[in-house]
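Heads up: the structure comes next, in structure tokens.
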Amino acid sequence: QVQLVESGGGLVQPGGSLRLSCAASGNTLSRYSMGWYRQAPGKQRELVAYITSFNTTDYADSVKGRFTISEDNDKNTVYLQMNSLKVEDTAVYYCNLEGSTGWGKTLIQHKYWGQGTQVTVSS
């Protein structure tokens, strides 16, 4: 019902920039937020940034001031603008969408994931 497709990953030098995109389709649930997670080799997946249905945003401390999350006006696509990239930013980046189905006591929260896109920062 919900598909998330990431794009924009690649190889970039330290200090460079990259913009990731995530296109959502088939979404009929009530959306809470969309965000980006990343997972580096040997590490657990961590939250990078998210944007809520109320257009509020938050970021991991490690990326504040460097990364910016945004959405298209129709909220079908979310972006992650990454500036001043560091080697430690190297990871697979995953788009996620959180929402709910049902209502009241039957309300169920859902989290959907994209397939991931590789970001490699290397000189």
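Count residues from 1 along the sequence.
Contact annotation: the side chain of Cys95 never approaches that of Trp113 to less than 4.5 Å [non-hydrogen atoms, C-beta and beyond]. Within the 4.5 Å cutoff, the side chain of Ser30 has no heavy atoms near those of the Trp103 side chain. Side chains of Ser70 and Ile51 form no contact here, defined as non-hydrogen atoms less than 4.5 Å apart. Using a 4.5 Å cut-off on side-chain heavy atoms (C-beta onward), Leu4 and Met34 make contact. You'll find the side chain of Glu6 stays beyond 4.5 Å of the side chain of Leu20, heavy atoms only. Using a 4.5 Å cut-off on side-chain heavy atoms (C-beta onward), Tyr79 and Thr68 make no contact.
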side-chain contact (heavy atoms from CB on, under 4.5 Å) assessment of Glu98 paired with Tyr50: CA-CA 10 Å; Glu98 296 186 9; Tyr50 68 84; over 6 Å; no
Carefully, step by step, assess His110 and Tyr112 under the rule side-chain contact (heavy atoms from CB on, under 4.5 Å). CA-CA 7 Å; His110 303 271; Tyr112 296 90; 3.7 Å; yes
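A donor-acceptor pair is defined here as one N or O able to donate and one able to accept, closer than 3.5 Å; such a pair exists between the side chain of Tyr59 and the backbone of Ile69.
The minimum heavy-atom distance linking Thr52 with Ser33 is given by the pair CA-CB, 3.8 Å. Taking both residues in full, the closest heavy atoms of Leu97 and Arg31 are given as CD1-NE, 3.5 Å, listed atom of the first, atom of the second, then distance. Asn83 approaches Ser17 most closely through the heavy-atom pair OD1-OG, 2.9 Å. The two residues Pro14 and Ser123 have their closest heavy-atom pair at CD-N, 3.6 Å. Here the shortest heavy-atom pairing between Tyr94 and Gly114 reads CD2-O, 3.7 Å. Among all heavy-atom pairs drawn from Trp36 and Asn96, the shortest one is N-OD1, 4.3 Å.
Cluster annotation: Val2 is connected to Val78 through the hydrophobic network of ILVMFWY side chains, with a link wherever side-chain heavy atoms come within less than 4.5 Å.
In this structure, OG1 on Thr101 lies 7.0 Å from CG on Leu29, to the nearest 0.5 angstrom. Rounding to the nearest 0.5 angstrom, the gap separating the CE atom in Met82 from the CZ atom in Arg19 is 11.0 Å.
Counting heavy atoms of neighbouring residues, nucleotides and ligands inside a 6.0 Å radius, atom CD of Gln44 does not exceed 12 of them. Within a 6.0 Å sphere centred on NZ of Lys43, other residues, nucleotides and ligands contribute 12 heavy atoms or fewer. More than 12 heavy atoms of other shown residues, nucleotides or ligands fall within 6.0 angstrom of atom CD in Gln115.
Salt-bridge annotation for Lys86 and Asp89: absent, with no side-chain N of the basic residue lying under 4.0 Å from a carboxylate O of the acidic one.
Applying side chain to side chain contact (heavy atoms under 4.5 Å, CB included) to Arg38 and the options Leu47, Thr90, Leu80, Val63 leaves one that passes, Val63.
Relative ring orientation between Tyr93 and Phe67 is described as tilted, the plane-to-plane angle lying within the 30° to 60° band.
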